[in-house]
Amino acid sequence: MDYDPMAMDDPESLGPVVKVSESGKVRVKFELSNAELAFANSLRRVMLAEIPTIAIDLVEIEENSTVLADEFIAHRLGLIPLNASGAENLLYSRDCDCDEYCENCSVRLTLHAKCTGDEIMSVCARDLVPSSERINQTLGSPIITDEAGMGSLILKLRPGQSIKLQCIAKKGIAKEHAKWAPSAAIGFEYDPHNKLHHIDLWYEQDPKAEWPPSEYADWEEPPQEGEPFDYDAVANRFYFNVETSGSMPPQEIITEGIKVLQTKLAGLIHELSDEGDGDYNGPRSPEFGGGGVDGGWQDQGYTTPYGNNAGGSWSGPGGGTTPYGQTPYGGSGGWQ
Amino acid sequence: MASVNPQHNNAPECVWIILFETFLLGDGEKKITETVVTSMSNCSDFLLKKEDHTLGNLLSEYLKKADKVLFAAYKVAHPNVAEVLLRVQTDGTITPREAFISTCKLLVSQLGHTGREFQKELALRQFADQGDQGGAGDGL
Ligand SMILES: [Zn+2]
């Protein structure tokens with residue numbers, strides 16, 4: 001199998017180019033260029049739907065004298081962003097050996113509030129108390145980003161009303177339920193002047209006057225007056241705006257998304273390369289007795305063609321094992 | 001494994017789960033199977049279970065661009081059935097499976113490259129932002 005469509009002298013000189021224009025606590029804006037539309041879009045899709053995080057999945061209500069129905073409250077609890085740092089060390093409950101849930105596959109949070117004053121009382125995410133039996137002391141903590149330090153509003157209590165419940169937060173992906181999405185939104189844009197005519201702008205008199213220019217309009221050459229349509233042109237520069245829901249830093253959403261996509265591809269390579277003994281266990285549903293991702297596919301990694309000369313200052317020592325080594329790229333210590 | 005997912009507990013036949021489950025492989029289900037297409041030369045169909053356009057579009061677009069590949073296309077036949085069918089035909093100097101594997105490898109390395117580029121650019125951005133803040137704060 002010495003067929004390599006992209007054999008080249010200096011691999012780092014080709015391939016996608018990234019420019020980060022903004023990086024903060026809430027969002028990262030970056031441009032991906034020298035890449036295919038399919039590549040950029042798959043990265044976007046995987047960041048939206050397939051990065052594992054943690055969210056409340058089971059609620060046991062002991063006492064509820066509020067005006068809200070139990071299931072209404074349970075639904076609101078599910079949507080509260082929880083800190084996902086260290087979620088890679090948390091098992092999926094379906095893969096765990098326990099009966100239903102345990103500290104290896106879940107985080108327990110309790111909520112107990114009673115309105116004893118004579119004012120209406122707000123119960124917020126900060127009132128959710130995670131138990132100390134968890135794999136690290138940040139995993140599953142409610143995310144609080146507002147200045148008052150309250151977190152998301154769960155419900156309100158009138159004088160005398162109370163709520164007492166227990167939540168089990170589990171690991172999952174947004175493909176199963178959107179509450180596991182690490183991103184609040186992902187902006188994805190290309191071709192700000194619509195030179196490729198991938199969209200038809202609706203207008204009354206003049207689309208130029210009625211549509212505000214994109215913030216990236218200055219980054220690309222506007223079309224010349226009377227310029228003929230280029231039938232061979234393809235999208236090449238993609239502008240991402242990754243906004244976190246709070247569960248992980250926005251920078252991490254991007255690196256994790258890349259890892260998830262690499263792991264998917266590595267699984268395919270593995271299963272096609274040595275069929276017979278090959279038993280790549282993709283995630284398997286538990287009622288069939290399938291194993292988790294801890295099958296036998298992690299012991300043999302192949303090295304990416306790019307990996308070994310990534311010895312720049314960024315990738316750490318000798319990086320380059322694929323996802324079924326330890327880290328998909330870079331050294332084992334993660335990013336340097 | 002003894003674990004039981006309460007969500008799926010009440011479906012002993014499980015047929016609809018295999019069909020409609022979007023990301024967990026069912027019992028005995030293989031992630032990917034290759035079927036040789038006998039009506040075309042050097043051609044195979046790859047069936048990817050519990051996958052969607054994320055891999056289907058990515059792989060077919062890159063296979064189309066690959067050397068020695070004459071034809072590549074994919075379909076998700078029904079939006080409720082998490083299966084991707086990908087057809088690959090080569091010129092005969094390599095097998096469709098070899099083309100498929102090397103395209104996957106290419107993508108893994110491109111993604112790795114993208115990750116390193118991102119990390120590098122992110123560090124530069126953070127360094128520049130710190131410089132800006134420091135400058136403004138000190139009134140320099
Ligand atoms: Zn467990």
Side-chain angles (χ1 to χ4, degrees), chain A residues 1 3-6 11-12 15-20 23 30 36 38-39 41-42 45-46 93-98 100 173 175-176 251 254-255 258 261-262 264-269 271-273 280 282-291 304-307 310 314-315 322 328-330 335, chain B residues 1-6 8-9 14 17 21-32 34 48 50-51 53-55 57-58 60-62 65-68 94 97-126 129:
Chain A
M1 229 171 300
Y3 161 61
D4 182 2
M6 291 285 274
E12 299 286 327
V17 177
V18 179
K19 273 200 190 77
V20 179
S23 169
F30 69 98
E36 295 278 310
F39 185 88
N41 193 44
S42 287
R45 286 174 62 95
V46 98
S93 284
R94 57 174 178 268
D95 298 333
C96 192
D97 288 328
C98 63
E100 203 176 351
I173 60 171
K175 230 183 186 184
E176 181 171 351
Q251 297 80 5
I254 296 148
T255 54
I258 290 171
L261 198 48
Q262 279 189 313
K264 271 180 181 293
L265 290 160
L268 297 181
I269 297 169
E271 187 147 335
L272 279 183
S273 299
Y280 160 65
R284 203 168 276 274
S285 56
E287 68 267 35
F288 302 120
T304 67
Y306 296 71
W314 305 108
S315 47
T322 53
Y329 41 89
W335 302 107
Chain B
M1 301 239 164
S3 67
V4 172
N5 188 334
H8 297 161
N9 225 0
C14 297
I17 291 183
E21 166 61 56
T22 55
F23 60 95
L24 293 176
L25 287 170
D27 193 20
E29 249 187 340
K30 292 199 63 139
K31 191 71 191 173
I32 182 165
E34 182 184 5
L48 285 81
K50 309 305 181 214
E51 291 297 344
H53 300 277
T54 303
L55 279 187
N57 186 237
L58 183 66
S60 76
E61 287 299 307
Y62 274 76
K65 290 188 16 133
D67 228 12
K68 299 166 188 161
I94 55 165
R97 174 184 290 235
E98 284 165 343
F100 190 100
I101 291 172
S102 57
T103 298
C104 286
K105 286 185 180 175
L106 170 74
L107 281 163
V108 169
S109 63
Q110 294 257 302
L111 284 161
H113 172 82
T114 308
R116 289 190 296 273
E117 280 285 303
F118 175 72
Q119 233 18 60
K120 190 167 84 184
E121 290 296 317
L122 187 65
L124 285 174
R125 166 55 51 201
Q126 284 164 346
D129 288 350

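In the text below, chain A, chain B and the rest are named by the order of the sequence lines, each starting its count at 1.
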Point to revise | Atom pair CG/CD1 of A/L268 and B/I32 - distance to nearest 0.5 Å | key: 5.0 Å
Point to revise | Non-hydrogen atoms of A/Q251 and B/L122 that approach each other most closely | key: CG-CD2, 3.4 Å
Point to revise | Rounded distance [0.5 Å steps], CD1 in A/I173 versus OG1 in B/T22 | key: 6.5 Å
Practice item. Sort out for me which residue in B/V108, B/L55, B/L107, B/T114 forms a side chain to side chain contact (heavy atoms under 4.5 Å, CB included) with A/L261. Key: B/L55
Practice item. Search all heavy atoms of A/R94 against all heavy atoms of B/L24 and return the closest pair with its distance. Key: NE-CD2, 3.2 Å
Point to revise | Any donor-acceptor pair under 3.5 Å from B/R125 side chain to A/S23 backbone | key: no
Point to revise | Minimum heavy-atom distance B/E51-A/K264, with the two atoms named | key: OE1-NZ, 2.6 Å
**Study point:** Interatomic spacing from CD in A/E271 to NZ in B/K30 - rounded to 0.5 Å
**Key:** 4.5 Å
Point to revise | Nearest atoms (heavy-atom pairs only) where A/S42 meets B/T54 | key: OG-O, 2.6 Å
Review point. Can you find a pair of side-chain heavy atoms, one from A/T255 and one from B/Q119, that are under 4.5 Å apart?
Key: yes
Review point. For A/F30, is it the side chain, the backbone, both or neither that has a heavy atom under 4.5 Å from a heavy atom of chain B?
Key: side chain
Practice item. Identify the heavy atoms of B/E121 and A/V20 that sit nearest to each other, and give their distance. Key: CB-CG2, 3.7 Å
Point to revise | Separation of A/I258 CD1 from B/L111 CG (nearest 0.5 Å) | key: 6.5 Å
Revision key, fill the gap. Between A/P16 and B/Q110 the two heavy atoms that sit nearest each other are CD-OE1, 3.6 Å
